[in-house]
Amino acid sequence: MPVPPHSQPEYSNYYEYIEHHTGQQPVVKASEAEEKKKRPAAGPMLFLVAGALLIVALMVGGVVLLEQRNRTAPEPMTLPDPTTAATDGVAPDPQSAPEAAPPGSVPDTEAEALAELERIREETLDSSFDRLNDSWVTQLSAKQVGLRAEGKTWTNRDILESYQQYQAQYPEALLLWSGDWSTFQMSDFWVVVLDQPYREADDALEFCAQEELSRDDCFARKLSDTDDPEGSTKLQP
């Protein structure tokens with residue numbers, strides 16, 4: 001908004017006006033007497049010269065200001081290429097399903113741990129059911145959610161972590177769900193066995209003796225989808 005005429009400051013000469021508006025310092029300020037000798041009395045030429053000087057001063061000031069801005073302007077930000085963001089892991093697709101937990105890791109939530117247990121169960125059934133059915137195996141563990149044992153109340157995450165520890169120690173360890181087999185008295189336990197079928201229970205017990213595992217932790221278990229639970233378990237002597 002323009003300043004009203006009565007409030008505008010007065011300047012003794014044109015140089016002070018330029019200095020106030022542009023910050024440019026004049027090299028030489030002529031005296032009023034010299035100016036009177038150099039310029040004629042008021043007339044059209046005075047206004048033409050003054051206008052030309054104002055234009056030049058504004059152009060010089062604009063060039064200086066532009067150079068200062070160019071020196072201080074920040075470098076442009078480089079954005080990731082959207083065609084490579086997915087492969088670089090920068091911008092995953094929000095509609096894609098969550099990836100399974102890496103092998104050997106334990107999910108953060110109970111629901112994720114249960115999903116991983118179910119995945120392992122299905123994988124084991126597909127790969128080992130025909131080979132283990134109607135055979136004796138070495139059983140190492142049996143746990144269910146809410147079971148109070150070994151100083152804690154077991155959760156899905158505890159069961160998954162325990163299985164992973166068994167598998168790290170015994171790569172042939174398998175995770176079963178007791179409800180998939182008719183020889184378990186209770187159908188809601190996660191069971192860890194070794195992937196080695198035997199015809200006789202005593203052969204499965206030899207592993208327990210070799211590893212010096214306790215009678216309560218290691219015993220022989222018959223797996224079948226038709227036999228009754230009676231006679232399907234044999235403990236160490």
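Please read these numbers as outputs of a predicted model, since none were measured by experiment.
Linking ILVMFWY side-chain heavy atoms closer than 4.5 Å, directly or via other members, places Met186 and Val193 in a single hydrophobic cluster. Under the 4.5 Å side-chain heavy-atom criterion for ILVMFWY residues, a single connected hydrophobic cluster contains both Ile120 and Tyr166. In the hydrophobic cluster analysis, where Ile, Leu, Val, Met, Phe, Trp and Tyr join through side-chain heavy atoms closer than 4.5 angstrom, Phe129 is grouped together with Phe189. Leu140 is connected to Trp177 through a chain of hydrophobic side-chain contacts under 4.5 Å among Ile, Leu, Val, Met, Phe, Trp and Tyr, so both are in one cluster. Cluster annotation: Val137 is not connected to Leu205 through the hydrophobic network of ILVMFWY side chains, with a link wherever side-chain heavy atoms come within less than 4.5 Å.
Other residues, nucleotides and ligands contribute over 12 non-hydrogen atoms within 6.0 Å of the CD atom of Gln236. When the shell of 6.0 Å around CD of Glu200 is examined, it contains 12 or fewer heavy atoms from other residues, nucleotides or ligands.
Put simply, CG on Asp195 and OG1 on Thr138 are 11.0 Å apart, with the number rounded to the nearest 0.5 Å. Here the CH2-CG distance, from Trp190 to Leu114, works out to 6.5 Å after rounding to the nearest 0.5 Å. The distance from the CG atom of Asp217 to the OG atom of Ser141 is 8.0 Å, given to the nearest 0.5 Å. Separation of atoms CH2 (Trp181) and CG (Asp134) is listed at 8.5 Å; rounding is to 0.5 Å. Annotation: the span from Leu194 atom CG to Leu132 atom CG amounts to 10.5 Å, rounded to 0.5 Å. The CD atom of Gln196 sits 10.5 Å away from atom CG of Leu174, with the distance rounded to the nearest 0.5 Å.
Checked against the 6.0 Å centroid criterion, the rings of Phe207 and Tyr198 do not qualify as a close aromatic pair.
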- Query: Where do Glu161 and Arg157 land on the salt bridge (charged side-chain N to carboxylate O under 4.0 Å, His left out) test, with the steps shown first?
  - Reply: CA-CA 6 Å; Glu161 183 176 15; Arg157 295 183 72 252; over 6 Å; no
- Query: Should Lys143 and Asp158 be marked as a side-chain contact (heavy atoms from CB on, under 4.5 Å) after you check the CA-CA gap, both sets of side-chain angles, and the distance that decides it?
  - Reply: CA-CA 9 Å; Lys143 297 293 187 298; Asp158 294 329; over 6 Å; no
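The ring-ring contact (aromatic ring centres under 6.0 Å, His included) test applied to Trp136 returns no partner, not counting sequence neighbours. With sequence neighbours left out, the side-chain hydrogen bond (donor to acceptor under 3.5 Å, both in side chains) criterion links Asp188 to Gln144.
The main-chain N or O of Thr226 is found under 3.5 Å from a side-chain atom of Ser182 such that the two form a donor-acceptor pair. Between the Ser232 side chain and the Thr183 main chain, a donor and an acceptor come within less than 3.5 Å of each other.
Residues Thr124 and Arg121 have side chains that never bring a donor and an acceptor to within less than 3.5 angstrom of each other.
You'll find the side chain of Asp202 reaches within 4.5 Å of the side chain of Lys234, heavy atoms only.
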